[in-house]
Amino acid sequence: GAKKAPPAGAAKHPAAAAAAPAPTSGAPKAQPTPPAAPAEPSADEGVGPSACDLLADFWQSLPSAAELASKATQPSTGPSALSRVPAQSAALWQWLTRNRWKPFPWVYLPDPVAFAWGVSEILFIAPIAAIEILVTVPVMELCKAEWRQKRMSWVRERLPELVRSVSRPLGRLMLRDPRNHSYLPWMALGGIMVPILFFWALRRYVNYGLEFSTLMTYHLIRMGPRFQLFAHMHTLIHKEGHSHNGFFKKPFEFLNCTSEWWIGLFYGVVPWNYYIAHMKIHHRWHNEVDDVSTNLDLDRTNPLSFVLYVPRFTLYWMGLSPLALFVQRGEWALIAKLVQGMVAYYGMTVALFWWRPTFCLLYVVFPHTEACVFLCAISYLWHAFVEETDPGNQYVNSVTILDGHDNIWNEDYHVVHHYFPNVHWSEAPKHFELQREKYAAVTATIFQDTEEGKLLEWLFEQNWDEMAKHFVDLNGKLTHAEKKDLLVRRLSVICDEKGRDGKRVEWGATSSIRDFD
């Protein structure tokens, strides 16, 4: 695994004490000069580096031309690496063509085809996504560095309460559950600001053609610092999919489905997909092999397995594999509703492509594909762990993150989300504490002081050491080495046609639906 990089430079504050002058040789001993009083601390002392400090440290850490040239000639990156390509390609082909069981309908998608599809999809989003990462992640770090400074204390104290002073009364007025008032500011950003940017970009494209500056301005703002807008919008759509009566009460019921049918259009979401496919498949089978977005037939310790998973999640995200399962089960009302959303979304996409194909590709197809890959990664992580001795245990099968760095509306309590879906998100931490003994009894899959992106990084790097450092053993008995072994063992469990619990007989059968007490 990659070594953990040292934190960005610390704040630099000079020592405050002044040294007394040394006495002259042979001269009478001078009276010691009292030490100077300590300098007054700066307004920002003790709160970490500022944005300027981070930028300065980054500039100093940039490698020189000689260092870059030296690195380019190292065996791992230089010409000698090419000599290993034939052997690596042969090993990859052998891995892709091995005999293995796959659940329906993925049995009809050969692994070499799935791998080529996954690579192509990742490469399609790579150029713009790379810029998004390279810009939005540092911007977020700079914003957080400034936010911590004492000079920003008045903003920290007043701005959140100012927003809440508006959202709380609006929540009581408009929402079925006023505890969801924090949704409203984000819905305003996603439902007003992002569409305005989209139509601004469309107008510029019609008048001036494709402009790289306009394209990146749109996508960078649409994603937000460190993908915060992207994450909040998709979480909102997820929450709305679980709210069958909608967020809004009379006379504001016309705003229900705003997230899925309006905001989601700019983030690549097919309307009704969460409401139908997510709820009626994923939350029936909970990643069991009949769940069309399952990853349990794949070895999750192998990073290449994720590439095979990309087309699987894409077909789920598009609604095609859910349709196959609903047809198998004869659930025609669900089919009709799902098809309604698919026809609306893809009909709009085709019409826009016919009118302005390049614009459609970069402003509609790209966000759709980007959502497929990014949400695919989150889905792959959330249910990657299975305890072989207790394969149906939901406390192990779903990940919980404590003190998460990106815990949006308590989505990090994923066990609560699956096992106790009627618990309001604001009550999830309390519910976790009430069930703490049950988590401890099975050594639940719990991490602390991290977030999904870092866990995915360690998973793909096979950095079990770093993952084990953040794994929480509530019983306090496991050593670091035992934590590593536990994680690798749970990631290595592969299910066959008998399913996770060994009881599966027929694909999509009602008897295979998982019910919890």
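The chain is numbered in sequence order, starting from 1.
Using the six-membered ring where Trp is involved, His278 and His283 have ring planes that are perpendicular, over 60° apart on the 30 and 60° scheme. Between His234 and Trp317, the two ring planes are tilted [angle within 30° to 60°]. Using a 30° and 60° split on the angle between ring planes, Trp409 and Trp425 fall in the perpendicular class, above 60°. In this structure, Phe313 and Tyr309 have tilted ring planes: the angle between them lies in the 30° to 60° band. Classified by interplanar angle (parallel below 30°, tilted 30° to 60°, perpendicular above 60°), the ring pair Tyr380/Phe460 is tilted. Ring planes of Phe266 and Phe199: perpendicular class, angle over 60° (limits at 30 and 60°).
A pairwise comparison of heavy atoms in Tyr345 and Pro271 identifies CB-CD, 3.7 Å as the closest pair. Taking each heavy atom of Ser426 and Asn410 in turn, the nearest pair found is CA-ND2, 4.0 Å. The two atoms that bring His368 and Gly268 nearest to each other are ND1-O, 2.9 Å, heavy atoms only. Heavy atoms only, all atoms of each residue included: Gly453 and Glu451 are closest at N-OE1, 2.6 Å. Of all the heavy atoms in Pro185 and Val163, the pair that sits closest is CG-CG1, 3.6 Å. Taking all atoms of both residues into account, the shortest heavy-atom contact from His383 to Asn295 is O-OD1, 3.4 Å.
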(message) Walk me through whether Trp458 and Thr450 qualify under side-chain contact (heavy atoms from CB on, under 4.5 Å).
(response) CA-CA 11 Å; Trp458 301 330; Thr450 185; 3.5 Å; yes

(message) Please determine whether side-chain contact (heavy atoms from CB on, under 4.5 Å) holds for the pair Ile125 and Phe374, giving the CA-CA distance in whole Å, both sets of side-chain angles, and the decisive distance to 0.1 Å.
(response) CA-CA 10 Å; Ile125 71 163; Phe374 288 173; 4.1 Å; yes

(request) Please assess Arg222 against Glu370 for the test salt bridge (Lys or Arg N to Asp or Glu O under 4.0 Å), listing each intermediate value before the final yes or no. (result) CA-CA 12 Å; Arg222 181 180 65 87; Glu370 177 187 61; 2.8 Å; yes

(request) May I have the step-by-step check of salt bridge (Lys or Arg N to Asp or Glu O under 4.0 Å) for Glu482 and Lys477, ending in yes or no? (result) CA-CA 9 Å; Glu482 287 171 335; Lys477 296 179 179 179; over 6 Å; no

(message) With salt bridge (Lys or Arg N to Asp or Glu O under 4.0 Å) as the criterion, how do Lys454 and Glu466 come out once you've worked through the C-alpha distance, each side chain's angles and the decisive distance to 0.1 Å?
(response) CA-CA 10 Å; Lys454 296 303 293 184; Glu466 201 63 36; over 6 Å; no

(request) Test Glu161 against Arg168 for salt bridge (Lys or Arg N to Asp or Glu O under 4.0 Å), laying out the working first. (result) CA-CA 10 Å; Glu161 190 52 44; Arg168 281 190 187 122; 3.0 Å; yes

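When side chains are defined from C-beta on, Asn256 counts as touching Glu253, because their heavy atoms get closer than 4.5 Å. Inter-residue side-chain proximity for Glu146 and Arg151 is flagged as met; some heavy-atom pair is nearer than 4.5 Å. Using a 4.5 Å heavy-atom cutoff, the side chains of Met174 and Phe247 are not in contact. Residues Trp272 and Trp261 have side chains in contact (heavy-atom distance under 4.5 Å, counting atoms from C-beta outward). Residues His286 and Asn397 form no side-chain contact, since every pair of their non-hydrogen atoms from C-beta on lies 4.5 Å or further apart. With a 4.5 Å cut-off on side-chain heavy atoms, Lys337 and Tyr275 count as touching.
A donor-acceptor pair under 3.5 Å is absent between the side-chain atoms of Ser243 and the main chain of Glu240, judged by distance alone. Here the side chain of His470 pairs no donor or acceptor atom with the backbone of Ile401 at under 3.5 angstrom. Arg300 contributes a side-chain N or O that, together with a main-chain N or O of Leu298, makes up a donor-acceptor pair within less than 3.5 Å. Looking only at distances, no side-chain donor or acceptor of Arg490 sits under 3.5 Å from a matching main-chain atom of Val386. Using modelled atom types, no side-chain atom of Asp412 and backbone atom of Thr400 make a donor-acceptor pair closer than 3.5 Å. With Gln149 contributing its side chain and Ala145 its backbone, the two residues share a donor-acceptor pair below 3.5 Å. At least one donor-acceptor pair under 3.5 Å links the side chain of Thr258 to the backbone N or O of Leu255. Of the possible polar contacts, one joining the Ser153 side chain to the Lys150 backbone as a donor-acceptor pair under 3.5 Å is found. Under a 3.5 Å cut-off, the side chain of Thr136 and the backbone N or O of Glu132 do form a donor-acceptor pair.
Judged by distance alone, the side chains of Asp403 and Gln448 do bring a donor and an acceptor atom under 3.5 Å apart. Counted by atom type alone, Asp406 and Gln228 present one or more donor-acceptor pairs between their side chains at under 3.5 Å. Using a 3.5 Å distance cut-off with no hydrogens or angles, the side chains of Asp465 and His480 do pair a donor with an acceptor. Residues His414 and Ser398 bring no donor and acceptor atom of their side chains to less than 3.5 Å of each other. For the 3.5 Å distance criterion, the side chains of Thr369 and Glu121 fail to qualify, holding no donor opposite an acceptor. For the residue pair Tyr183/Ser167, the side-chain donor-acceptor check at 3.5 Å is not satisfied. Donor-acceptor pairing under 3.5 Å is recorded for the side chains of His405 and Asp449. Inspection of the His424 and His431 side chains reveals no N or O donor paired with an N or O acceptor under 3.5 Å.
Annotation for Glu433: atom CD counts as buried by contact number, over 12 foreign heavy atoms lying within 6.0 Å. Annotation for Arg164: atom CZ counts as buried by contact number, over 12 foreign heavy atoms lying within 6.0 Å. Atom CZ of Phe254 is surrounded by more than 12 heavy atoms from other residues, nucleotides or ligands within 6.0 Å.
Taking the ring centre of Trp464 as origin, the terminal cationic atom of Lys484 falls outside the region bounded by 6.0 Å and 45° from the ring axis.
Only one option out of Leu229, Val194, Ile221, Leu184 pairs with Leu189 in a side-chain contact (heavy atoms from CB on, under 4.5 Å); it is Leu229.
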